[in-house]
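Side-chain atoms are counted along with the backbone in the values below, which use heavy atoms only and exclude waters and symmetry mates.
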Amino acid sequence: MTTNFSKTCAFLLAIMTLGYSLTSCDKDNPIPPEPETADTLAAPVLESANISDSSFTVKWKAIGGAEEYIYLFSGEENTIKETFIDFKGLEADTEYSVSVKAVSTAEGVTDSEWSEIIVKTLESTNKEPEPDPDPDPEPEPDPEGLTFTIEDEVITCTSISFTFVPSDQTADYSYILTDTETIEPYEGNLEEIVYALIGYSGGADILRGTESIIFETNIRPGQQYSLMLFGYDGQEITSDVFRHDVETPEGEINENITFEMYANVLDSYSIFVEIYPSDNQAYYFFNLITVEEYEYYKEDLAQYIRDVCAEVGISIDTYMKHFASVGPEYDTFDHLTPNTEYILFAVGCEPLDNDVRFFTPQLYNGDLVTPSDSSGTSR
């Protein structure tokens, strides 16, 4: 039978476009949603994450019955369907207020009360030193001779953090983190792959001075990653490309892992899901498939993986390398079919030698049906 391979398509697209990841929301210690009353939505419980001197994230657990969320920031209201907001381009060492409430259009259901959180950005890491009584003129930047050292390296199954220390604190530079497999064909010419990745992402952040960065998006256990640092003026690479390789530790095996799952149908073609495992160090797999597919594979969900890999011509090891999860996950499944019922499942797993063993699966307890597409368009 023909199966819905939305996650596999995402994988193949990533391979063809040399995709890479930067920062993401903090997935640790999710807070359970507050209880709801019969006719008033529970207020979101807000927490902050990824705080730097110019940015932070506010996140919360999904509220049952909520169709969307309204947030208030700097005097402006905006509406979102996700359960997190990234704020960037902020002032250092400054307090910001963020308010969020849950919203429903269902008859007889009242919006939640506003929840507010105050978040203060960190002090700038690039403060100018106090001048000497008779300071000498500052030296001109020397981007061509720029080198880097790495400090405060912290690596877990699902995150990597570094502190970058450039040899010239006045020189502009940038960075890229990608899987080592992507850059191996370019060992003798790292500039080529750097330009390709910058072009794919539409640009690169420009830094100056010592900076600390944490990477949490698409970081997988038991994989090798390569950090590349280089002088950059916004258009051209101005120094040699510095490369630093790391490897994340393997996940653990837990046959008794359980899950909290939340899902929201966004439109006729997409569904947003959240997965919170009981063990944040253990391997598991999750997916969204049609009811027809689930009925066909429910006696052996691992066979679903085997059939996917056979159809697209990849090994099970490669598939699980990219799609076995550890820790909380947030994902939007798009390119779905309108007017179709889907099943969301999560299951603990053990990667084997080009195979996988699944434990007891757990299903999302709710209806997930994409509405008809009234516009008459397709994706």
Side-chain angles (χ1 to χ4, degrees), residues 21-36 41-64 66 68-103 111-127 152 154-164 175 177 205 207 210-219 260-262 264 272-277 280-281 325-332:
S21 58
L22 299 178
T23 57
S24 73
C25 295
D26 184 1
K27 304 175 182 177
D28 294 335
N29 302 320
I31 300 175
E34 296 181 359
E36 306 170 28
L41 296 179
V45 178
L46 308 182
E47 63 176 334
S48 58
N50 302 331
I51 302 174
S52 72
D53 59 2
S54 62
S55 63
F56 62 81
T57 297
V58 171
K59 63 178 185 176
W60 59 94
K61 294 285 288 289
I63 300 299
E68 57 190 16
Y69 304 89
I70 297 176
Y71 70 90
L72 179 64
F73 181 72
S74 296
E76 295 186 2
E77 284 191 5
N78 290 281
T79 301
I80 60 169
K81 292 183 178 292
E82 291 76 18
T83 56
F84 60 89
I85 317 167
D86 293 324
F87 298 96
K88 299 180 180 180
L90 308 178
E91 297 293 328
D93 195 25
T94 302
E95 288 190 346
Y96 290 90
S97 170
V98 180
S99 297
V100 180
K101 70 175 180 178
V103 176
D111 297 348
S112 76
E113 297 293 328
W114 287 98
S115 295
E116 182 184 22
I117 188 172
I118 304 297
V119 184
K120 185 175 182 180
T121 52
L122 303 180
E123 293 185 5
S124 174
T125 58
N126 297 322
K127 290 185 177 180
D152 303 327
V154 179
I155 303 172
T156 71
C157 291
T158 56
S159 67
I160 303 171
S161 63
F162 306 103
T163 296
F164 311 147
Y175 63 93
L177 181 76
D205 294 336
L207 308 179
T210 300
E211 289 281 356
S212 296
I213 302 289
I214 182 170
F215 301 89
E216 294 177 303
T217 299
N218 294 332
I219 301 299
E260 290 185 44
M261 293 183 281
Y262 303 91
N264 187 17
F272 176 75
V273 305
E274 301 174 74
I275 313 291
Y276 299 95
N280 284 332
Q281 303 301 316
S325 296
V326 172
E329 286 277 10
Y330 319 94
D331 199 2
T332 298

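For Ala102 against Ala42, the heavy-atom pair with the smallest separation is CB-O, 4.0 Å. Minimum interatomic distance between Gln281 and Cys157 (heavy atoms only, all atoms of both residues): OE1-SG, 3.8 Å.
Without hydrogens or angle criteria, Ser112 side chain to Leu41 main chain gives no donor-acceptor distance under 3.5 Å.
Surrounding CD of Glu76 are at most 12 heavy atoms belonging to other residues, nucleotides or ligands under 6.0 Å away.
Take Glu116 and apply the side-chain hydrogen bond (donor to acceptor under 3.5 Å, both in side chains) test, not counting sequence neighbours, and it matches Ser97. Taking the side-chain contact (heavy atoms from CB on, under 4.5 Å) definition, one finds that Thr79 meets it with Glu68, Ile70, sequence neighbours left out. Residues meeting the side-chain contact (heavy atoms from CB on, under 4.5 Å) test with Ile51, sequence neighbours left out: Ser48, Phe56, Val119, Leu122. In this structure, Thr332 has no side-chain hydrogen bond (donor to acceptor under 3.5 Å, both in side chains) partners at least two apart in sequence or on a different chain. Residues meeting the side-chain contact (heavy atoms from CB on, under 4.5 Å) test with Glu274, sequence neighbours left out: Ala62, Thr83, Tyr262, Phe272, Tyr276, Tyr330. In terms of the side-chain contact (heavy atoms from CB on, under 4.5 Å) criterion, residue partners of Ser52 (sequence neighbours excluded) are, by chain and number, Ser54, Ser55. In this structure Ser159 satisfies the side-chain hydrogen bond (donor to acceptor under 3.5 Å, both in side chains) test together with Thr156, sequence neighbours excluded. Partners of Lys120 according to the salt bridge (charged side-chain N to carboxylate O under 4.0 Å, His left out) rule, which considers only residues two or more places apart in sequence or in another chain, are Asp93. Residues passing the side-chain hydrogen bond (donor to acceptor under 3.5 Å, both in side chains) test with Asp152 are Thr163, sequence neighbours excluded.
Note that CZ of Phe215 and OG1 of Thr158 are 14.5 Å apart. Values are rounded to the nearest 0.5 Å. Atoms CD and OG, on Glu47 and Ser115 in that order, are 12.5 Å from each other to the nearest 0.5 Å.
Counting heavy atoms from C-beta outward, Ile219 and Ile160 have side chains that approach closer than 4.5 Å. Taking the side chain as every heavy atom from C-beta outward, Ile213 and Phe162 never approach each other to under 4.5 Å. At a threshold of 4.5 Å between non-hydrogen side-chain atoms, the residues Lys59 and Ile85 do not count as touching. Looking at heavy atoms from C-beta onward, Trp114 lies in side-chain contact with Leu72 at the 4.5 angstrom threshold.
In this structure, the ring of Tyr96 has its center no less than 6.0 angstrom from the ring center of Phe87. Less than 6.0 angstrom separates the ring centroid of Tyr69 from the ring centroid of Trp60.
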**OP:** Could you walk me through whether Thr57 and Asp86 pass the side chain to side chain donor-acceptor pair (under 3.5 Å) test, one step at a time?
**Re:** CA-CA 4 Å; Thr57 297; Asp86 293 324; 2.6 Å; yes
**OP:** Carefully, step by step, assess Val58 and Leu46 under the rule side chain to side chain contact (heavy atoms under 4.5 Å, CB included).
**Re:** CA-CA 7 Å; Val58 171; Leu46 308 182; 4.3 Å; yes
**OP:** Under the side chain to side chain contact (heavy atoms under 4.5 Å, CB included) rule, what do Lys81 and Asn264 come out as? Steps first, then yes or no, please.
**Re:** CA-CA 8 Å; Lys81 292 183 178 292; Asn264 187 17; 4.2 Å; yes
Original post:
Should Ile275 and Glu260 be marked as a side chain to side chain contact (heavy atoms under 4.5 Å, CB included) after you check the CA-CA gap, both sets of side-chain angles, and the distance that decides it?
Top reply: CA-CA 6 Å; Ile275 313 291; Glu260 290 185 44; over 6 Å; no
